[in-house]
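When a ligand or atom number is given, it counts from 1 through the structure's own listing order. We number each residue from 1, following the sequence as shown.
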Amino acid sequence: MDGLDELRKSWLDRIGGASEEGALEEFRVAALGKKGEISLKMRELGKMTPEERQVAGPALNALKDEVNAAIVAKKAGLADAALDERLKAEWLDVTLPSRPRRQGTIHPVSQVTEEVTAIFADMGFSVAEGPQIETDFYNFDALNIPGHHPARAEMDTFYTHRKDGDNRPPHVLRTHTSPVQIRHMEQHGAPCRIIAPGRVYRADYDQTHTPMFHQVEGLVLGEDISMANLKWVLEEFYSAFFGVQVKTRFRASHFPFVEPGAEVDIQCSFEGGTVKVGEGDDWLEILGSGMVHPKVLEAGKIDPTKYQGFAFGMGIDRIAMLKYGIPDLRDFFASDLRWLRHYGFASLEVPTVHAGV
Ligand code: PHE
């Protein structure tokens, strides 16, 4: 077939000289597309004698493959060249020091909650949770605080609003973590060994009270549990938490959901306006506790003739203030960055049972 060499040379030259991918695509269509120059040549094969065709057919096919391969190779070459260009133009000095960037801190309440959890976990306690918006059944009735009981009034409870004509008792923002006792008993029965940390709410505001604060509840039920176990657990906890041996003092007190009930003080000294835990002759009230009232066990569907146990509730923010020397509770929730940077913890300060020591 005449002219194949020129055809070959003209396409390979053009492909070789292409400077962008778009041009290559145009060449491909113009040479190999339906009406491309090489494709039209293919059609001429039909008019040839079989002998002529035997020579021209393979030659044309070879030309087609060659042009195709040239386009592919040139495309890859252009892409490489473009990448080289970019690598030359864009560069990064990886030895430059990074820009200073302030890291956020862990809030003391979160940190102390983790510390408390780690210490109790080491004593075999697991963590239970309950809702912050409670029914008055779980927050009061099931805990042996009936409607007329003065404890309801004393708690400064936040009630939710009901529409006019809706006579169901309103929900409450839980005033303590004790309702988690009932929920846990209902779901898991006895024996059990849990703590329940979380937010609680009371309408109160001064240096040591905020309308939202944090408590951790403890509940241990079994067939042979006594106040002695309670005292051991608390002394063990406070000693690990404050990192010094801490003595406790139990004072008889009344909570409707325990019998007997006790307020617990920890040994401390008040000198020069600062409180030091684990030394001195003074005592600091720190928590409420007692043996779970039989009526509370019954409300939790537990047989009080078979099981008994202890419960306690303490303020997480309180013990955070004591351990880290934070004077005013209201600052905890003011979201003042200076305060958060000062009292916050680095995210890598992961609490362990040994951390306080
Ligand atoms: N719920 C009590 C409070 O908020 C604390 C407490 C818990 C007392 C468990 C006894 C037993 O003050």
Side-chain angles (χ1 to χ4, degrees), residues 109 113 116 120 125 127-132 134-146 149-158 172-185 190 192-204 208-222 225-231 233-234 237-238 248-266 284-300 302 304 307-319 329:
V109 170
T113 303
V116 169
F120 278 107
F125 286 67
V127 174
E129 282 185 313
Q132 293 173 40
E134 267 296 7
T135 62
D136 64 349
F137 172 77
Y138 284 108
N139 196 77
F140 295 122
D141 299 84
L143 290 162
N144 196 31
I145 315 174
H149 198 284
R152 277 206 194 200
E154 282 163 23
M155 292 257 200
D156 300 311
T157 314
F158 288 112
V172 301
L173 297 185
R174 68 178 180 192
T175 56
H176 49 181
T177 41
S178 301
V180 185
Q181 288 187 32
I182 307 293
R183 290 181 176 275
H184 191 269
M185 286 187 231
C192 80
R193 205 183 323 177
I194 55 139
I195 55 165
R199 294 182 169 188
V200 299
Y201 302 83
R202 291 181 202 175
D204 210 351
T208 51
H209 296 91
T210 49
M212 185 280 296
F213 59 106
H214 300 80
Q215 282 191 336
V216 56
E217 193 80 7
L219 176 68
V220 173
L221 298 176
I225 302 288
S226 73
M227 291 285 266
N229 301 128
L230 169 64
K231 187 167 169 87
V233 163
L234 292 180
F237 166 73
Y238 286 120
T248 62
R249 181 175 79 171
F250 280 53
R251 278 180 294 106
S253 180
H254 179 74
F255 301 95
F257 30 95
V258 286
E259 184 56 42
E263 269 172 329
V264 177
D265 302 336
I266 52 175
L284 188 72
E285 183 193 321
I286 197 94
L287 127 164
S289 66
M291 297 302 289
V292 181
H293 198 290
K295 281 191 181 167
V296 173
L297 292 172
E298 272 165 12
I302 285 176
Y307 291 106
Q308 75 292 128
F310 63 77
F312 59 84
M314 74 177 132
I316 293 179
D317 326 73
R318 263 319 280 298
I319 60 173
L329 178 63

**Student:** State whether the shortest distance between N or O atoms of Gln215 and N or O atoms of ligand 1 falls below 3.5 angstrom.
**Tutor:**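 Yes.
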**Student:** Are Phe120 and Phe312 close enough that their ring centers fall under 6.0 Å?
**Tutor:**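 They qualify: ring centres under 6.0 Å apart.
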**Student:** If you measure from the Lys or Arg side-chain nitrogens to the Asp or Glu carboxylate oxygens, is any gap between Arg152 and Asp141 under 4.0 Å?
**Tutor:**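 Yes.
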**Student:** Has ligand 1 got any nitrogen or oxygen that is less than 3.5 angstrom from a nitrogen or oxygen of Gln181?
**Tutor:**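 No.
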**Student:** Among Phe257, Tyr138, Phe255, which one satisfies ring-ring contact (aromatic ring centres under 6.0 Å, His included) with His176?
**Tutor:**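 The single option meeting the ring-ring contact (aromatic ring centres under 6.0 Å, His included) with His176 is Phe257.
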**Student:** Does this structure show an ion pair linking Arg183 with Glu134, if we count only N-O contacts that are shorter than 4.0 Å?
**Tutor:**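 Yes, this pair counts.
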**Student:** Which protein heavy atom lies closest to atom 2 (C) of ligand 1, and at what distance to 0.1 Å?
**Tutor:**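 Atom 2 (C) of ligand 1 sits closest to the protein heavy atom Phe257 CZ, 3.7 Å.
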**Student:** Below a 4.0 angstrom heavy-atom separation, can you tell me which part of Ser178, side chain or backbone, both or neither, approaches ligand 1?
**Tutor:**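 Ser178 to ligand 1: side-chain contact only, backbone stays beyond 4.0 Å.
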**Student:** Any carboxylate oxygen within less than 4.0 angstrom of a Lys/Arg side-chain nitrogen, looking at Asp156 and Arg202?
**Tutor:**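 So Asp156 does not pair with Arg202 through a salt bridge.
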**Student:** Considering Glu217, Arg202, Met314 one by one, which has a heavy atom nearer to atom 3 (C) of ligand 1 than any of the others?
**Tutor:**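 Nearest heavy atom to atom 3 (C) of ligand 1 lies in Arg202.
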**Student:** If you count the atoms of ligand 1 from 1 in the order shown, which ones are under 4.0 Å from a heavy atom of Gly288?
**Tutor:**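 Heavy-atom distances to Gly288 below 4.0 Å select 6 (C), 7 (C), 8 (C), 10 (C), 11 (C).
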